[in-house]
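Here is the structure we will look at.
Here the structure is a predicted model, which is why all the values come from computation and not from measurement. Residue numbers start from 1 in every chain, and the chains themselves are labelled A, B, ... in the order their sequence lines are given, proteins ahead of strands.
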Amino acid sequence: MNYWLVKSEPFKYSWEQFVKDGKTFWDGVRNYQARNNLRDMKKGDRALFYHSNEGLCVIGIAEIAKEAYPDPTIDDDRWVVVDLKPVKALKQPVTLAEMKQQPGLENMGLIRQGRLSVSALTKEEYELVLKMGGTKP
DNA sequence: GCCAACGTTGGC
DNA sequence: GCCAACGTTGGC
């Protein structure tokens with residue numbers, strides 16, 4: 001099982017909307033590194049759902065429901081999407097500021113390379129963030 | 001709204 | 001294939 005972190009601007013697609021939809025395909029990735037991460041996702045992997053721009057916090061957990069397939073929204077086979085479904089919200093959102101202060105998270109993709117919209121997490125990082133959010137895996 | 005970080009593009 | 005210019009992202 002692998003662990004990931006995906007970012008979304010709440011204006012564009014919020015956690016609330018995600019929960020309401022029950023499932024979504026993760027499109028709009030136009031960055032090769034992020035794309036490669038998407039391709040590495042396996043069904044059943046877990047991903048933290050992060051709100052950028054507003055909130056600046058990890059707000060919930062998603063699960064990969066379907067592995068990467070060509071982006072249906074554009075005619076360009078360079079880009080792929082994955083299907084995600086919500087698992088649960090964190091009891092307590094974990095903010096970027098908290099994660100920056102947290103020993104053990106200094107190598108997180110989100111902190112080292114803030115602009116990357118899809119990044120990989122280690123199991124330790126993933127579990128630490130959940131713990132900070134008062135949530136059991 | 002500003003600015004830093006980073007990726008991409010295009011001229012040579 | 002290098003590198004400067006430019007565009008985009010996202011935190012502050």
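Considering A/V82, A/L48, A/L121, A/D40 in turn, A/D40 is the only one that fulfils the side-chain contact (heavy atoms from CB on, under 4.5 Å) rule with A/W4. Between A/L105 and the choices A/K100, A/E98, A/E124, A/M132, the side-chain contact (heavy atoms from CB on, under 4.5 Å) rule is met once, by A/M132.
Residue contacts for A/L56: at a heavy-atom cut-off of 4.0 Å it reaches the sugar-phosphate backbone alone, with no base atom in range.
Residue A/R78 contributes atom CZ, which lies 13 Å from atom C1' of B/dG7 at whole-angstrom precision. Put simply, CG on A/N53 is 14 Å from P on B/dG1, counting in whole angstrom units. Distance CZ (A/F11) to P (C/dG10): 13 Å, rounded to an integer number of Å. Atom CG in A/N31 sits roughly 10 Å away from atom C1' in B/dT8 (whole-Å rounding). Put simply, CZ on A/R35 is 14 Å from P on B/dG7, counting in whole angstrom units. Atom CG in A/L116 sits about 21 Å away from atom P in B/dA4, given to the nearest Å. Following rounding to the nearest Å, A/M108 (CE) and C/dG11 (P) show an atom-to-atom distance of 12 Å. In this structure, CE of A/M99 is placed 11 Å from P of C/dC12, rounded to the nearest angstrom.
Nearest nucleotide to the side chain of A/S52, out of C/dG11, B/dG7, C/dT8: C/dG11. Among the nucleotides C/dG11, B/dG7, C/dT8, the one closest to the side chain of A/R115 is C/dT8.
Put simply, the side chain of A/P72 reaches to within 4.5 Å of the side chain of A/V81, judged on heavy atoms. Under the 4.5 Å side-chain criterion, counting only non-hydrogen atoms from C-beta, A/P86 is not in contact with A/F49.
OP1 or OP2 of C/dT9 has not a single side-chain nitrogen or oxygen of A/Q113 nearer than 4.0 Å. Close to B/dC6, at under 4.0 Å from its OP1 or OP2, lies no side-chain N or O of A/Y32. Residue A/K100 has a polar side-chain atom (N or O) positioned under 4.0 Å from OP1 or OP2 of C/dC12.
Taken over five-pair windows at either terminus, the axes of the helix from B/dG1-C/dC12 to B/dC12-C/dG1 are inclined to one another by 10° (rounded to 10 degrees).
More than 12 heavy-atom neighbours from other residues, nucleotides or ligands sit within 6.0 angstrom of CD on A/Q17.
A side-chain donor-acceptor contact under 3.5 Å links A/H51 to the backbone of A/W15. Put simply, the side chain of A/N31 gets close to the backbone of A/A34: a donor and an acceptor are under 3.5 Å apart.
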